[in-house]
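Structure record follows, encoded as structure tokens.
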Amino acid sequence: MAARQKKVRAGKPRGLRGTPARPPKTGIGMLLRDADTAFNRYLTAQLATYGITFSQFQHLRNLWVENGLTQAELSRRIGIEMASSTAVLDSLEADRLITRVRNAADRRKINVFLTPAGAALERPLMACAADANKRASKGLSKAEVAQLFVSAGRIIENFKALRAAEPAFAKSRPRTRVAPEPPGKMRAAKAAKAPRGRVHRNMPHAAE
């Protein structure tokens, strides 16, 4: 009996910690979105105790890594439009957490610098992020967390490769041509659109 049970278990591939090896019906995109929403909801609530929004945190975090980035570079690293980034920077400047200085070498560029108050927020806000990561990885081993990074990284690289190949794909893709309508069908369509009744030609146009 024990040998039979062992044989049955061996015939069913299992994933990490006894989870089924077959992926669930939920799509990868939906799963990642739900996980991202849950994570950001918790982190946003923690940041709110310091009067900081999640978008503001994203900008500050990049400036803690490299102070003095341009507005364009900040928006690129965060992955949002310049207009959206400008609105966030306006709020940070109003709270005196950053200051903006026009670049002396290129007047078209504006560099963003942390104020002492903005720099002082790094420790408590990064502690909020660390706490969110700790709670998100509860019940997962270090190996499982490492594998999660590998899997998510692979997904990102897959879509980067697709995006890089899009121009070449568009050039190689044959254009779809619409077949011309038969002459008889075209005449019938024109007749259907023509106004009924007497048509007056060369009538003067009404003044605009």
Side-chain angles (χ1 to χ4, degrees), residues 14-100 111-163:
R14 311 295 289 181
L16 293 172
R17 296 195 177 188
T19 57
R22 180 176 297 178
K25 293 182 179 180
T26 302
I28 293 177
M30 183 178 294
L31 177 65
L32 294 176
R33 184 192 63 187
D34 290 347
D36 179 66
T37 299
F39 185 96
N40 287 342
R41 183 181 292 118
Y42 178 83
L43 178 56
T44 297
Q46 303 307 305
L47 297 173
T49 61
Y50 293 91
I52 297 295
T53 67
F54 181 73
S55 296
Q56 290 176 326
F57 172 71
Q58 287 181 302
H59 286 73
L60 291 172
R61 183 173 62 84
N62 278 277
L63 292 173
W64 293 329
V65 174
E66 187 175 349
N67 196 17
L69 291 171
T70 64
Q71 289 190 178
E73 181 62 18
L74 260 176
S75 63
R76 189 191 68 80
R77 293 190 184 189
I78 297 170
I80 60 176
E81 297 292 333
M82 269 285 291
S84 301
S85 180
T86 300
V88 177
L89 291 174
D90 287 344
S91 65
L92 288 171
E93 192 169 42
D95 291 338
R96 299 182 180 181
L97 298 176
I98 58 116
T99 183
R100 287 178 281 192
N111 295 86
V112 185
F113 294 92
L114 292 162
T115 64
L121 284 174
E122 179 178 5
R123 180 174 292 181
L125 296 189
M126 289 305 294
C128 291
D131 175 64
N133 277 279
K134 181 179 179 181
R135 293 179 183 275
S137 59
K138 183 179 179 180
L140 299 175
S141 67
K142 291 183 178 180
E144 288 172 326
V145 173
Q147 183 57 49
L148 177 61
F149 274 83
V150 171
S151 300
R154 171 51 57 193
I155 293 171
I156 293 171
E157 291 302 319
N158 287 341
F159 283 106
K160 280 185 178 179
L162 282 175
R163 189 165 61 250

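One is the number of the first residue; the rest follow in order along the sequence.
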Is there a donor-acceptor pair closer than 3.5 Å between any side-chain N or O of D36 and the backbone N or O of L32?
no
Within the distance-only criterion (no hydrogens, no angle test), does the side chain of W64 pair as donor or acceptor with the backbone N or O of M126 below 3.5 angstrom?
no
Rounded to the nearest 0.5 Å, what separation is found between the CD1 atom of I28 and the CG atom of L31?
8.0 Å
Heavy-atom pair with the smallest gap, counting every atom of N67 and L114:
OD1-N, 2.9 Å
Under 4.5 Å between any side-chain heavy atoms of K160 and I156, yes or no?
yes
Can a side-chain donor-acceptor contact be found between S151 and Q147 if the only test is distance below 3.5 angstrom?
yes
Closest contact, heavy atoms only, C128 versus L47
CB-CD2, 4.2 Å
How close do G139 and E144 get, counting heavy atoms only, and between which atoms?
O-OE1, 4.0 Å
Under a 4.5 Å cut-off applied to non-hydrogen side-chain atoms, are F113 and L69 in contact?
no
Below 4.5 Å, heavy atoms only, C-beta onward: do V112 and L89 meet side chain to side chain?
yes
S85 vs H59 side-chain heavy atoms within contact, under 4.5 Å:
yes
Can we say R76 and E73 salt-bridge, meaning some charged N sits less than 4.0 Å from an Asp/Glu carboxylate O?
yes
Tell me if a side-chain donor or acceptor on T37 pairs with a main-chain N or O of R33 at a distance below 3.5 Å.
yes
Got a second to check how far I80's CD1 is from S55's OG, nearest 0.5 Å?
6.5 Å
At their closest point, which heavy atom of D131 faces which heavy atom of Y42, and how far apart are they?
OD2-OH, 2.6 Å
Whether the side chain of N62 engages the backbone of L74 through a donor-acceptor N/O pair (distance < 3.5 Å, no angle test) should be reported.
no
When rounded to the nearest 0.5 Å, the distance separating CZ of F57 from OG1 of T44 is 10.0 Å
Taking all heavy atoms of A72 and all of S75, pick out the closest pair and write down the distance.
O-OG, 2.8 Å
Report the residues that fulfil side chain to side chain donor-acceptor pair (under 3.5 Å) with E66, sequence neighbours left out, ordered by chain and then residue number.
R77
Please find the pair of heavy atoms, one from S137 and one from V145, that lie closest to each other, and give the distance.
CB-CG2, 4.0 Å
Give every residue pair that meets the side chain to side chain donor-acceptor pair (under 3.5 Å) criterion with at least one member in residues 88-98, sequence neighbours excluded.
Q56-S91, D90-R100, E93-R100
Ignoring hydrogens and geometry, is there a side-chain-to-backbone donor-acceptor pair from N158 to R154 under 3.5 Å?
yes
Spacing of CG belonging to N111 relative to CD belonging to Q71, to within rounding of 0.5 Å
9.0 Å
Are any non-hydrogen side-chain atoms of T53 and V88 less than 4.5 angstrom apart?
no
